[in-house]
Amino acid sequence: MQIDKLFDELDARALDEVLTLPVRGTAEVSARRIRRRVNRTLDADPAARRAHRMQLCRRAVCAALIAACLITGAFAAAAKFNLLRGWLDEDRIGALAVNTEQQTVETDDLRLTLEESLSDDTTTYIAYSITALSDTGRTMLQTAAETPGSIVSAAFSTESDALVTICTGSRTGATQFRTDGGRVFTESLESDAAGRLLYRSYITGAGTVSLHLTGAETQLDVPPTAHAQTVDILFDPSVELPLPNGTTARLYSLRLTSLGYALDARLLEASDRTRDFDYDDMLVFLMQDGSLRTMAQLTMRQEMLSGAWSEVLDLNTVEAVILNNTAYYLDGRDPEPYVLPNTFGVLRVETRPIYTVPGTDNGVPGEFPIMGVPARTLVERFGGTVEWDAGTQTAVLTLNDHTCTVTAGSPVVQYGDGDSFTLPYPSAAEVIDGTLYLLPAEFDRTLGLHCCGRDFADDDYTHILALYYTV
């Protein structure tokens, strides 16, 4: 509302009426005289009048928002957390509450603040800030900001040259075999103040997480989230699990929590560098409603945050974990045989060169093969279909709720409800000897298939012999 409109609501008598001001010694004044003085002041600087109107507008909008939030009950949710959004949202965290009670530790030059956190026995999300307290601190932050990755170190001991070190450990429980202590992914956020840097990190496979500021006497321990569920499953450690790529693993235990999981396992042929397979994908979940879910369907694979569920998992909805045709029940019952349908197994797909692209190998230019996978072998094994139009050289691939369209010789892939992307290669599909081959890229979002392993030719990591997929 503008000030003029406030005065317009007064009649002539009210404008000329002398006001008694509640300040001793102040001359009597009328509303009309106040209006003239306000107008002279604002008109002397038009920007001031505009700023005043903007300020009134902001106040009105804020008041309306607060009123709406109080009426609908949305205010508490909106204030719940902010920095972790993008990795988390209200739908993903369910009933768990993000901890927004700040913790700080500081030196003469810097202050480290744990702004927000969500943490349980396997998975931790944290947002934290580093604030300069002196000119030296501001110089340190400026230098660090100009050197990406230098300010935060993901370490498993306190020996680090970074200003902040994230340290991980294990809580008491079944999952004790893993030796790396956890995996850490960190990214910077846009800061809201000068002399302040913002970060958020995701840690998986670790039971405890703490932040250390170099030079500080104490550390910041990330508090566990209340009401998070935890279940431990013990496997028979004497059983060696054959993997689809020909290697062998031994699985010891699995800890399931509301946010993620930690699997204690060891690849017995770890020295075989030409074979790569993620043994986590050998696990399938039997839900209480009788449905089956693969690890790829439950986790955040599309965000490269392996070890976290795509949303908070209510363990009461899971009946058992199936491994090697054996069901391990979450309620502690003895394991029982359980044979999975063929569509829930891992598929090994033989590859074939579909074209070559120019490149360099150790500075030596050359032509390098781009490998493709046969479309029908890939899709039909999981219960999908491939419809081929010979006239347009176009194929429509359908698998469960996913549909994508490719055209031989074109780099464009269409999928979903009108979405598309263009690959940085000559084409997404080629027909060779009457067989349609696909460039193995983006299958997770176009077909709902997850690549869980690959075999390379000996001493040639540009030539893929086979790829492994699961739904």
Side-chain angles (χ1 to χ4, degrees), residues 183 185 204 241-247 249 261 263 265 267 269-270 272-285 292-310 340 342-354 357 368-384 386 395 397-404 406 411 413 415-416 419 421 423-425 427-430 436-457 460-471:
R183 292 161 288 179
F185 178 82
T204 180
L241 177 67
L243 302 180
N245 67 342
T247 58
Y261 69 95
L263 177 63
L267 186 64
E269 289 86 3
D272 190 352
R273 296 176 56 198
T274 63
R275 295 175 176 179
D276 173 28
F277 187 84
D278 189 353
Y279 41 69
D280 295 24
D281 287 282
M282 299 299 292
L283 301 171
V284 176
F285 293 77
L292 295 169
R293 306 286 298 277
T294 65
M295 187 67 80
Q297 291 172 328
L298 291 174
T299 54
M300 300 171 66
R301 301 303 178 91
Q302 70 278 11
E303 301 179 37
M304 299 303 292
L305 299 182
S306 176
W309 309 125
S310 57
L340 289 169
N342 189 47
T343 54
F344 283 89
V346 176
L347 172 66
R348 184 180 193 269
V349 184
E350 303 286 345
T351 65
R352 175 173 179 170
I354 55 177
V357 296
F368 296 90
I370 299 299
M371 313 302 292
V373 298
R376 291 192 185 277
T377 301
L378 176 70
V379 176
E380 292 179 352
R381 159 67 161 69
F382 294 106
V386 177
L397 297 86
T398 303
L399 179 58
N400 298 325
D401 296 330
H402 298 269
T403 299
C404 76
V406 296
V413 180
Y415 70 100
D419 295 322
F421 59 87
L423 294 169
Y425 291 99
S427 66
E430 293 288 340
L436 177 67
Y437 286 85
L438 305 175
L439 186 70
E442 308 289 345
F443 286 163
D444 55 343
R445 59 171 166 164
T446 60
L447 292 171
L449 293 175
H450 168 65
C451 181
C452 54
R454 65 198 67 217
D455 290 342
F456 295 97
D460 183 3
Y461 295 101
T462 64
H463 196 107
I464 301 174
L465 297 178
L467 292 167
Y468 301 86
Y469 288 95
T470 184
V471 291

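Arg348 meets the side chain to side chain contact (heavy atoms under 4.5 Å, CB included) test with Glu350, Asp455, Ala466, Tyr468; sequence neighbours excluded. For the side chain to side chain contact (heavy atoms under 4.5 Å, CB included) test, residues two or more places apart in sequence or in another chain that qualify with Thr377 are Pro374. Every residue two or more places apart in sequence or in another chain was checked for a ring pair (Phe, Tyr, Trp, His ring centres under 6.0 Å) with Tyr437, and none qualifies. For Phe285, the ring pair (Phe, Tyr, Trp, His ring centres under 6.0 Å) partners at least two apart in sequence or on another chain are Trp309. A search for side chain to side chain donor-acceptor pair (under 3.5 Å) contacts involving Ser427 returns Glu430, not counting sequence neighbours. Partners of Arg445 under the side chain to side chain donor-acceptor pair (under 3.5 Å) rule, at least two apart in sequence or in another chain, are Tyr415, Glu442.
A side-chain donor-acceptor contact under 3.5 Å links Thr299 to the backbone of Met295. Thr351 places a side-chain N or O within 3.5 Å of a backbone atom of Leu465 that can act as its donor or acceptor partner. Using modelled atom types, one side-chain atom of Asp278 and one backbone atom of Asp280 make a donor-acceptor pair closer than 3.5 Å. Looking only at distances, a side-chain donor or acceptor of Thr294 sits under 3.5 Å from a matching main-chain atom of Val471.
When all heavy atoms of Ala395 and Val386 are compared, the pair lying nearest together is CB-CG1, 4.3 Å. Nearest heavy atom pair, residue Leu243 against residue Met282, reads CD2-CG, 3.9 Å. In terms of heavy atoms, Met371 sits closest to Ile464 at CE-O, 3.5 Å. Nearest heavy-atom pair across His450 and Ala296 is CB-CB, 3.5 Å.
For the pair Tyr279/Cys452, no side-chain contact is recorded, criterion being any heavy-atom separation below 4.5 Å from C-beta on. Phe277 places a side-chain heavy atom less than 4.5 Å from the side chain of Pro244. No side-chain heavy atom of Thr204 sits under 4.5 Å from any side-chain heavy atom of Tyr261.
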Go through it in stages, so that I can follow the logic: the residues are Ile370 and Tyr425, the test is side chain to side chain contact (heavy atoms under 4.5 Å, CB included), and I'd like the CA-CA distance, side-chain angles, deciding distance and then a yes or no.
CA-CA 9 Å; Ile370 299 299; Tyr425 291 99; 3.7 Å; yes
